[in-house]
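Chain letters run A, B, ... following the sequence lines, proteins first and then strands; every chain starts at 1.
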Amino acid sequence: MNSDELILLLSRELVPTSPKQLNRHLTLGLLSGVAACLAVFGIGYGVRPDLAEALSSGPFWMKWIYTGSFAALAYSLLIYVSRPTIDPGWRPWMMVIPGAGLFSWSAFILAEAQPSMRGELWLGHSALVCPWNIALLSFPVFSLLCITLRRFGAPTQLRWAGFSAGLLAGALGALIYGLYCDESSVPFVATWYTTGMFLPAAFGSLFGPRLLRWS
Amino acid sequence: MPANRSNRDGYARQETELRDLMVRGLAGDQHAYHALLTRTSQMLRAYHGRRLGHADADTEDLVQDTLIAIHAHRSSYDPDQPFTAWAHAVARYKLIDHLRRRGIRTASPIDDLPELFDVDTLTQEEAAWDVAKALSALSEPQSTAIKLTRLQGLSIEETASCTGQSVSAVKVNVFRGLKKLVDLFGHRVAVKANGQMK
């Protein structure tokens, strides 16, 4: 078949489509993933016993605002790179803002603290498990986003697509983890929550090409 | 190719027209969509041809694969973004995929600019490529003489002093070189006309 015939064929079989479809599918995939994540959370972790008091404390909201801003930025990037693009543009750079904010706040707190307190401020009691818990909780959202991208998306920057899906999954996992975790120190959150969020992001970036390739 | 003002204006005008055709196509307008695909296929042919070679049998296959991808994933186009950027992204993705499957390692992502996807630039580039390929069929003195007089616009005397050939030698080389080009490549005009590979 020559190209003119192909073009005729494609035009003849044209039916109206909406550019809004892809975003709808992604949102649906995301919500399903969050539901699954909450199920895993309920089974494996459960909310902290002192949740009611925690809700009126600063650290709780600090965690939620921090992880929530990464979720929002990752979502914005995902929407963009889930369709054909050459360059992710300015979006990834925006993530420097919450990161730099919390890191400088931590540095200040650690500098101001008694040297003997610094270890506890930084490591809390769950430093080693925290990132892995968050990574585990990110699994449902990440899987559902990948399934959605494979079926309905058309990403041409596969590493960025994987990265944004992983980061969104990690950020939401971290957000939900905040319902269980009773650590309240800023240096702790800056280090271990960030690591937890970026573990699935790194995984997505690494395996994006393999998981998301289409033809 | 330096992007001068007229190139950029042409590029912007073309983008507006293509975007309009695409939006109408998404809504179901078959006529507009047909026009869109036809114009896009010309851009694709030049884009893929520049990388794979215009006479390569795979080039037309890749153009068709890209058209099919554009059609299948047309709902991924965001009307708030430029159409040419979107189409360029699909074309580059398909090209890299093709090269990867053929086992050709691209050291870095193909560093091209959206301007390289522009028809005006492309037809100039395509012409330049064809000329370079054609000139390689000539002997050194002939190809140099033609490059300097015809492509760079030097006079016969300037060419002579530049190359060390005598003035009459330059004239003879240009004449014989052009004659040889016509003999070798005259038939290629027919191939270009409908984009089909003969």
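Looking at A:Pro155, the atoms closer than 4.5 Å to chain B (heavy atoms on both sides) all sit in the backbone: N, CA, C or O. Contacts between A:Arg12 and chain B at a heavy-atom distance below 4.5 Å involve the backbone alone (N, CA, C, O). For chain B, the nearby part of A:Thr85 is the backbone; its heavy atoms alone come within less than 4.5 Å. For chain A, the nearby part of B:Ser41 is the side chain; its heavy atoms alone come within less than 4.5 Å. Interface residue B:His34: backbone and side-chain heavy atoms are both found under 4.5 Å from chain A. For a residue to count as touching a neighbouring chain, one of its non-hydrogen atoms must lie under 4.5 Å from one of that chain's; by this rule B:Asp29 touches chain A with the backbone only.
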- Message: Set out, in order, the CA-CA distance, both residues' side-chain angles and the distance that settles side chain to side chain contact (heavy atoms under 4.5 Å, CB included) for A:Phe152 and A:Leu26, then state yes or no.
- Response: CA-CA 8 Å; A:Phe152 302 106; A:Leu26 283 170; over 6 Å; no
- For the pair A:Gln157 and A:Phe163, evaluate side chain to side chain contact (heavy atoms under 4.5 Å, CB included) and give the outcome as yes or no after the intermediate values. CA-CA 10 Å; A:Gln157 294 185 275; A:Phe163 172 82; over 6 Å; no
- So A:Leu102 and A:Met62, side chain to side chain contact (heavy atoms under 4.5 Å, CB included) or not? Walk me through it. CA-CA 9 Å; A:Leu102 210 71; A:Met62 174 267 298; 4.2 Å; yes
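Between A:Tyr193 and A:Tyr177, the angle of the ring planes lies from 30° to 60°, which puts this pair in the tilted group.
Heavy-atom neighbours of A:Phe139 CZ from other residues, nucleotides or ligands within 6.0 Å: at or below the threshold of 12.
Look at B:Asp97 and B:Arg100 and you find a salt bridge, because one of the NZ, NE, NH1 or NH2 atoms lies within 4.0 Å of a carboxylate O, short of that distance.
Most heavy-atom pairs under 4.5 Å with chain B, from the set A:Arg83, A:Lys20, A:Met1, A:Arg213: that is A:Arg213. Contacts with chain B were tallied for A:Thr17, A:Leu14, A:Leu6; A:Leu14 has the most, counting heavy-atom pairs under 4.5 Å. Put simply, of B:Ile68, B:Asp78, B:Val23, the one with the most heavy-atom pairs under 4.5 Å next to chain A is B:Ile68. The most heavy-atom pairs under 4.5 Å with chain B, out of A:Leu22, A:Leu158, A:Ile7, come from A:Ile7.
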